[in-house]
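What follows is a set of notes on a single structure, which appears directly below.
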Amino acid sequence: MDLLNSPQLTDLYQLTMVQSYLDHGMQDEAVFDFFVRSLPQPRNFLVAGGLAQLLDFLEQSRFSDDELEYLASSGFFRSNLIDYLSKFRFTGDVDAMPEGSILFSNEPIVRITAPLPEAQLIETRLINLIQFQTLVATKAVRCRLAAPDKLLADFGLRRAHGADAGVLAARASYIGGFDGTSNVLAGQQLGIPIMGTMAHAFIQAHATESDAFHHFTESQPDNLVLLIDTYDTETGAERVADLADKLRIQGRRVKAVRIDSGDLAEEAERVRLILDQRGHSEIGIFASSSVDEYLLKSFSDRNAPIDGYGIGTSLTTSEDAPYLNCAYKLQEYAGVPRRKRSLGKSTWPGRKQVYRHFRSNGLLDHDVLCLESEAVATGTAMLKPVMRDGKRLYPADSLNILRERVKAGVRTLPPELRDLQRAAYFEPQISSALQQLAIETDKRFGG
């Protein structure tokens, strides 16, 4: 059973609502938008992620016999729902911002158009897939902005909240500009370069640190990144220099040393001095241990002699912003615009489009949120058709295409939106026609 593409991976209330929809003949076409209400501070933009996995889910989602038996025995549902679910296939349309797009608050990221029970049933997994990869891809871009010329590797599998999250985080971080991952399964399944060194246990298992270095050299002659801070970092650096002297005679080299504790910048400065004085300026320095974009920026400002970083917890959990204030809301049903008016959570009704406008120098100027039916003379339409009648319109973009899309989008951001620590206000302008539709919708439903 493919648990990750099972429609049973949902919240109970989705099914109880579908039961009521079926009981009362509510199966007309519905339009739902998925969007982020507000960006977590100090993020000034997000990067769309997870669309490929969402489309996989929509195409492959089926209820198994075991799942249907469980639902039938749960006491919540009648036979008409079980029969409906036994034949369930997503038959709707999906319009979405292409994966890797830059996005902002209150802009539809994904629009679902489908019979109401279908559109309702997919909500939980849609949010789950899009939110998580959007968080991690955005975190990865922020790290890349802080360290534009450094090697960045995802080391977060062991801290990921589950196996699914570990693989998807590797994918999202690679889209966001990382160079590789320690996650071997992600490497196999997704073609992401795999990277890794050694653990302190490897050093401790040997009688001496030098023995550990020599054994690793014999086993991994082309992947010589040696961990030097198990005991004393400077002594470890000296031992690596001794080893490098011997390897040089053989025409071989140590690729890098890794530091995983202490003040990484200070440790790197001391290690760089030792290696340079010993004539091994070719040996790089790789660092890990609680690294995030803020630490990367401080190292960059300090010109710390670190060539690459392994980033784990802060990336895979999006530590400083572990969730998005996002929502999936009904905007039209049976041809009639709808909108939520709750205090602080109101939505814009109807089928909408986002048009992006740029300055003459190519930098982002503003976005306009408007009705899809409006005639707009300028701007780039951000929502694209990606699925019709439950079938993908195009093959999934390769990860390399997504990486380039992210790079291109980031290049359009003005400096204030690239800032990692100061919040910059940016929300779409709302067209007058959309504002008028909101007024009319409120009147229609008791406004």
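If you check the side chains of E67 and Q8, you find no donor sitting under 3.5 Å from an acceptor. For D260 and S289, the side-chain atoms include no donor-acceptor pair closer than 3.5 Å. Y294 and D320 share a donor-acceptor pair across their side chains, judged by distance under 3.5 Å alone. No side-chain donor-acceptor contact under 3.5 Å links R111 and Q331. There is no side-chain donor-acceptor pair under 3.5 Å between D276 and S281.
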Please list every donor-acceptor pair under 3.5 Å in which a side-chain atom of residues 151-166 meets a protein atom from a residue at least two apart or in another chain.
| from | atom 1 | to | atom 2 | distance (Å) |
| --- | --- | --- | --- | --- |
| D154 | OD1 | G156 | N | 2.8 |
| D154 | OD2 | T181 | OG1 | 2.6 |
| R159 | NH1 | T313 | OG1 | 2.8 |

Under 3.5 Å, which donor-acceptor pairs link side chains of residues 186-205 to any protein atom two or more places apart or in another chain?
| from | atom 1 | to | atom 2 | distance (Å) |
| --- | --- | --- | --- | --- |
| T197 | OG1 | R258 | NH1 | 2.8 |
| H200 | ND1 | T230 | OG1 | 2.8 |

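Rounding to the nearest 0.5 Å gives a distance of 11.5 Å between NZ of K391 and CG of L58. A distance of 12.0 Å separates CG in L295 from NZ in K297, rounded to the nearest 0.5 Å.
Using a 4.0 Å cut-off between charged nitrogen and carboxylate oxygen, R338 and E332 do not count as a salt-bridge pair. Taking a cutoff of 4.0 Å between a charged side-chain nitrogen and a carboxylate oxygen, D292 and K139 do not qualify as a salt bridge. Looking at E293 and R144, no side-chain N of the basic residue comes within less than 4.0 Å of a carboxylate O on the acidic one, giving no salt bridge. Contact check on D33 versus K329 returns no salt bridge, with no Lys/Arg side-chain nitrogen under 4.0 Å from an Asp/Glu carboxylate oxygen.
Cation-pi contact between R62 and F88: absent, since separation from the ring centre below 6.0 Å together with deviation from the ring axis within 45° is not met.
Side-chain N or O atoms of S431 include one that pairs as donor or acceptor with a backbone N or O of L434 at under 3.5 Å. The backbone N or O of A48 sits nowhere less than 3.5 Å from a side-chain atom of E99 that would complete a donor-acceptor pair.
The aromatic rings of F299 and Y309 sit parallel to each other, their planes meeting at less than 30°, with 60° as the upper class boundary.
Among residues at least two apart or in separate chains, salt bridge (Lys or Arg N to Asp or Glu O under 4.0 Å) pairs with a member in residues 404-426 are R359-E416, D397-R405, E404-K407, D419-R422.
Taking both residues in full, the closest heavy atoms of C326 and I127 are given as SG-CG2, 4.0 Å, listed atom of the first, atom of the second, then distance.
Y328 has its ring centre no less than 6.0 Å from the ring centre of F34.
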